[in-house]
Novice: 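Below you will find the structure I want to go over with you.
Labels below follow one simple rule: chain letters A, B, ... track the order of the sequence lines, proteins then strands, and each chain is numbered from 1. Heavy-atom basis, side chains included; hydrogens, waters and symmetry copies ignored.
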Protein chains: 2
Amino acid sequence: MSNEVFKALADPHRRRILQLLKKRSMSVTDIQKHFAFTGATLSHHLDVLKRADLVTTERRGQFIHYALNTSVIEEVLSAFYSLFSC
Amino acid sequence: MSNEVFKALADPHRRRILQLLKKRSMSVTDIQKHFAFTGATLSHHLDVLKRADLVTTERRGQFIHYALNTSVIEEVLSAFYSLFSC
DNA sequence: CAGATATTTAGACAGATTTCTAAATGCTAC
DNA sequence: GTAGCATTTAGAAATCTGTCTAAATATCTG
């Protein structure tokens with residue numbers, strides 16, 4: 001697992017975004033409703049998550065939907081587990 | 001689990017330190033042998049891990065031994081797991 | 001096409017992080 | 001107590017990060 005994943009998880013706003021996406025995939029506008037910062041800032045956080053391969057995107061007309069990249073999550077969990085397990 | 005834990009894990013050198021401590025507790029001098037940076041820098045990284053409660057310390061004479069805080073590791077793993085599990 | 005909404009990009013700034021050197025502190029042993 | 005090794009603290013420099021405003025790009029609708 002890349003360093004990008006750990007860096008992406010280091011910010012509480014980004015972890016909150018992941019938790020929101022755990023329930024269902026959401027458009028940027030939907031995600032935005034849960035935060036006080038600007039759209040530009042949200043876009044930056046989403047970019048960090050995307051580069052870490054933690055989320056995927058899909059355009060649906062005007063909207064872009066973000067979703068957890070479930071195929072990577074398994075990998076992330078086992079890497080995290082092996083970091084600690086003795 | 002606090003934000004401090006995630007921030008502590010965001011640095012590759014600190015993750016490497018944790019992996020070393022997974023095998024056995026070590027003095028600062030022993031840990032130092034695995035890294036190119038200065039003792040002051042190592043001391044800083046150890047401080048971050050300590051504040052995140054990921055490691056414990058014990059003085060043995062001249063040396064200070066660092067060890068994984070195993071009681072916290074369980075907590076960290078389950079928090080991490082719940083961040084992703086659907 | 002023109003206007004409205006959705007999202008990203010560019011550029012700037014403040015604060016945090018990593019690293020260093022130099023100095024301080026703590027312990028051991030002569 | 002002085003010398004030496006182990007570790008931390010202080011302070012500074014360089015880089016990185018989170019945030020903003022303003023502008024650009026993309027899509028939809030009339």
Novice: Taking atom P of dT18(C) as reference, at what distance in whole Å does atom NZ of K7(A) sit?
Specialist: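 It is 10 Å, rounded to the nearest whole Å.
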
Novice: May I have the distance from H45(B) (atom NE2) to dT7(D) (atom P), rounded to whole angstrom?
Specialist: 16 Å

Novice: Does the distance from a Lys or Arg side-chain N to an Asp or Glu carboxylate O, for R15(B) and D11(B), drop under 4.0 Å?
Specialist: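 Not counted as a salt bridge, because no side-chain N and carboxylate O are separated by less than 4.0 Å.
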
Novice: Can you confirm whether H34(B) sits close enough to M26(B) that some side-chain heavy atom of one is under 4.5 Å from a side-chain heavy atom of the other?
Specialist: yes

Novice: In whole Å, I'd like the distance from the CZ atom of F63(B) to the C1' atom of dT8(D).
Specialist: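 Atom CZ in F63(B) sits about 16 Å away from atom C1' in dT8(D).
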
Novice: Hey, does D11(B) reach any base, or is it just sugar-phosphate, or nothing, if we go heavy atoms under 4.0 Å?
Specialist: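 D11(B): backbone/sugar contact only, no base atoms under 4.0 Å.
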
Novice: Do E4(A) side-chain atoms and R51(A) backbone N/O form a donor-acceptor pair below 3.5 Å?
Specialist: no

Novice: Mind running a 4.0 Å heavy-atom check of residues 28-40 of chain A against DNA chain C and sending the residues that fall below it, in number order?
Specialist: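 When residues 28-40 of chain A is checked for heavy atoms under 4.0 Å from DNA chain C, the hits, listed by number, are V28(A), T29(A), G39(A), A40(A).
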
Novice: Just to confirm, is there a sub-4.0 Å distance from OP1 or OP2 of dA6(D) to any side-chain nitrogen or oxygen of Y66(B)?
Specialist: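 Answer no for this pair, as no side-chain N or O of Y66(B) is under 4.0 Å from OP1 or OP2.
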
Novice: Does K22(B) reach the main-chain N or O of S82(A) with its side chain, forming a donor-acceptor pair under 3.5 Å?
Specialist: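 Side chain of K22(B) to backbone of S82(A), a donor-acceptor pair under 3.5 Å: yes, one is there.
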
Novice: Whole Å only: how far is the CZ atom of R15(A) from the P atom of dG18(D)?
Specialist: 11 Å

Novice: Under 3.5 Å, which protein N or O atoms sit close to an N or O of nucleotides 24-30 of chain D? Give each pair with its distance.
Specialist:
none

Novice: Quickly work out the L9(A) CG to dT17(D) P distance and round it to whole Å.
Specialist: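 Interatomic distance, CG of L9(A) to P of dT17(D): 14 Å.
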
Novice: For H65(B) and dC27(C), give me the distance from atom NE2 to atom P, rounded to whole Å.
Specialist: 14 Å

Novice: Are V55(B) and F63(B) connected, step by step, through hydrophobic side chains (Ile, Leu, Val, Met, Phe, Trp, Tyr) whose heavy atoms are closer than 4.5 Å?
Specialist: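 No, no single cluster joins them.
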
Novice: Whether D53(B) and K50(B) form a salt bridge (side-chain N of Lys/Arg under 4.0 Å from carboxylate O of Asp/Glu) is what I want to check.
Specialist: no

Novice: Hey, does H44(A) reach any base, or is it just sugar-phosphate, or nothing, if we go heavy atoms under 4.0 Å?
Specialist: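 Base: the residue H44(A), judged by heavy atoms under 4.0 Å, touches a nucleobase.
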
Novice: Quick one: L46(A) CG to dT19(D) C1', roughly how many Å, whole number?
Specialist: 15 Å

Novice: Is the shortest side-chain heavy-atom distance between F37(B) and H45(B) below 4.5 Å?
Specialist: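 In short, these two side chains touch, coming nearer than 4.5 Å.
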
Novice: CZ of F6(A) versus C1' of dT17(C): gap in Å, rounded?
Specialist: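 Atom CZ in F6(A) sits about 18 Å away from atom C1' in dT17(C).
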
Novice: For E58(A) and Y66(A), indicate whether the former's side chain and the latter's backbone hold a donor-acceptor pair under 3.5 Å.
Specialist: no

Novice: Taking for each residue the nucleotide of DNA chain D bearing the nearest heavy atom, is the 5' side occupied by S43(B) or by H13(A)?
Specialist: S43(B)

Novice: What nucleotide among dT7(D), dT7(C), dT17(C) has an atom nearest to a side-chain atom of I64(A)?
Specialist: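 Looking only at side-chain atoms, I64(A) lies closest to dT7(C).
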
Novice: So, R14(A) side chain and K7(A) main chain: donor-acceptor pair closer than 3.5 Å or not?
Specialist: yes

